[in-house]
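Values below: every heavy atom of this structure, side chains too, minus hydrogens, waters and symmetry copies. Naming convention: chains lettered A, B, ... in sequence-line order (proteins, then strands); numbering from 1 in each chain.
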Amino acid sequence: MPRTFVKYRSLWIMVLPGLIYLLINNYLPMFGTIIAFKDFNYTDGVWGSGWAGFKNFEFLFSTQDAYVITRNTLLYNAVFIVFNLVLALTVALLLNEIKRRYMQNVYQSVLLLPYLISFSIVGYLVYSFLSMDYGFINSAVLQKLGLPPVSWYMEAKYWPFILVLVNAWKYIGYSSVIYLAAMAGINQEYYEAARIDGANRWKQMTRITLPLIRPVIIVMTLLLIGRIFYADFGLFYQVTMNTGILLPTTNVIDTYVYRALIQTGDIGMSSAAGLFQSVVGFLLVFSVNLLIRKFDRENALF
Amino acid sequence: MNATTNAALPSSQSSPKRIRENSSVAQFLIHVFFVLACAACLIPLILVAIVSLTDERSILANGYSFFPEKFSLDAYRYLLGDAQRLLNAYGISILVTVVGTVTSLLISSLLAYPLSRKDFPQRNLLAFFVFFTILFNGGLVPWYLVYTNLFHIKDTLFALLVPNLLMNGFYILIMRTFFTTSIPGSLIESAQIDGAGEWRTFFRIVLPLSLPVLATIGLFTTLGYWNDWFNSLVFIYDNRLISLQYLMTKTLLSIQFLQSNTQNSNVGKLLTEMPTETVRMAMAIIGIGPIVLAYPFFQKYLVKGLTVGAVKG
């Protein structure tokens, strides 16, 4: 052992900075999750504070919040997964039908643009449509239709629809790029043979394209299901402009943990909710990977 | 749309590459679909751009519109008149993005390379060490406490450079796969027989051969740094350290804050001097600018990188 260590001394020095970084950024916080079981105060720190047992969790789960944030996180992600899958597959199938490569590229690039725009700017884009006083929807659309203006940022009931649309706008391009790449890998001879046998375009899509990219669809969907307990913080924080009145339909685990930590300083509640998310999230990622492995070894994480 | 599509008979003039055909009506409908889809992607950006160029009084009278009564550059003039903060934010963003991306690529490839060496005894153990960070995540609270209570990086540039953004387990694994599959072991062996040490081999042979993967991961890291506002939201309270994205967030929220307090006469007066609605949108345009302008140049790498990351992630 010492001899191989000397032989590979340089390689060990190479990995050192990266390992130290992961230790600080990832492993220390993992051990730090014990504060969920502590009665934390800043003066005594993580190790010095007294134990609280499961008190933080009891508090958390006795509130209405725990139910609301879990429900919102799961429901939103479930809808995102289904809605985006259907749209992205449609977009990819149609892109795949386009004969002119150049136009295919142009469309793909434009659809991918929202993926590059940060949520701090998406917040502005949504505001330009939904602002109460001057927003495009109120001042142009609703007025023309003779309808009264809506205070979008004060009415929680509209937000599930708004967030599903914004999320689709941002991520459809990304998913369709991946499905299109999978479709591009299909051997053209299948289509040639199908055509000779008289299969029309629709038959070719449903009998050749979709079955052949099924592994990619399943892996992508499973990966998303593995992350169903994690919400997109930017979407729920920036797009709603952190508006308190919208919380019943827009509060998710990630925003709850943030608010409890930074805005109300309730370390007990936020660390309990955070650990709840970490543990359930881990179990999901882990089991989803077992599934992927069973079915497509190549794409499994382990 | 597909119902109208009938398989065309095999024709002699079809090119060998794109033998698949469909009727021109179907092609036309598909193009219509994509023109609409692209419009849906671009229209919010166009609306914001037009509002930023609208005269403030047109907005107060008619709201945001694609066809304003009167155009004006007042918003940009106002922002340039008070450009100190904006320039500072740009400077912070550029600095953090450049330093962060270079450091990130360096320490990531230094970690990934030994993991790809089949003769390195501990490579599987270390790979698991990297991999486990993808599976389990301690969450925001302990992570925040590690950085603020143990390392005290609140209100320093480190807060924008280090937490979460510097390294990503996925990228390490992608790099390792690239090193394993694209750099022949025999090449490394022969370099070492010729007397090149590990460092020399890495910097003179491995890295130059890895430009494709470095470019791809570098691009994603650059986007990560440039688009980040979360670290600022959590760690930055000092106005001198506000990055461009965070300046956006603050402006969006704080103009609104001012508006909800108009009974205060001073604030009201201040607001009448500033074209608030258009300035807000001009800020957004200035914030999107660099990415949209650079997009045509990196578009190809982006598509490649997305598909690599998805297939092996």
What residue in [options] has the most heavy-atom pairs under 4.5 Å with chain A?
options	result
B:A40, B:G138, B:P296, B:G139	B:G138
B:L166, B:V292, B:V130, B:I172	B:L166
B:N164, B:L126, B:V48	B:N164
B:I107, B:L45, B:L115, B:I291	B:L45
B:I288, B:N149, B:L150, B:D119	B:D119

Determine the interplanar angle of the B:F132 and A:Y27 rings, folded into 0 to 90°, and report it as parallel if under 30°, tilted if 30 to 60°, perpendicular if over 60°.
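The rings of B:F132 and A:Y27 lie parallel, inter-plane angle below 30°.
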Please classify the contact of [X] with chain B as side chain, backbone, both or neither, using a heavy-atom distance under 4.5 Å.
X	result
A:Y115	side chain
A:L19	both
A:Y21	side chain
A:L180	neither
A:L261	side chain
A:I35	side chain
A:V91	both

State whether a side-chain donor-acceptor pair under 3.5 Å links [X] with [Y].
X	Y	answer
A:Y190	A:T209	no
A:D254	A:Q277	yes
A:Q238	A:S120	no
B:Y64	B:E277	yes
A:N242	A:R259	yes

Between [options], who has the most heavy-atom pairs with chain B when the cutoff is under 4.5 Å?
options	result
A:A181, A:P114, A:P29	A:P29
A:L112, A:I117, A:V257	A:L112
A:I262, A:N26, A:L116	A:L116
A:A182, A:S270, A:A140, A:G274	A:S270
A:G18, A:G32, A:S128, A:S10	A:S128
A:Y124, A:F282, A:Y258	A:Y124

On the ring face of A:F119, is A:K170 found with NZ or CZ under 6.0 Å from the centre and within 45° of the axis?
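Yes, A:K170 and A:F119 form such a contact.
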Just checking, A:R227 and A:Y230: is the charged tip under 6.0 Å from the six-membered ring centre and within 45° of the axis?
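Yes; both conditions hold, so A:R227 lies above the ring face of A:Y230.
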Could you point out which residue of B:F230, B:W143, B:F151, B:Y246 forms a ring-ring contact (aromatic ring centres under 6.0 Å, His included) with B:F235?
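So, applying the ring-ring contact (aromatic ring centres under 6.0 Å, His included) to B:F235 and each of B:F230, B:W143, B:F151, B:Y246, only B:W143 qualifies.
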Identified side-chain contact (heavy atoms from CB on, under 4.5 Å) counterpart of B:F66 within the set B:L47, B:V51, B:T54:
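When B:L47, B:V51, B:T54 are each tested with B:F66, the side-chain contact (heavy atoms from CB on, under 4.5 Å) holds only for B:L47.
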Basic-acidic side-chain contact under 4.0 Å: B:R117, B:E198:
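Looking at B:E198 together with B:R117, the answer is yes, because their closest N to O distance falls below 4.0 Å.
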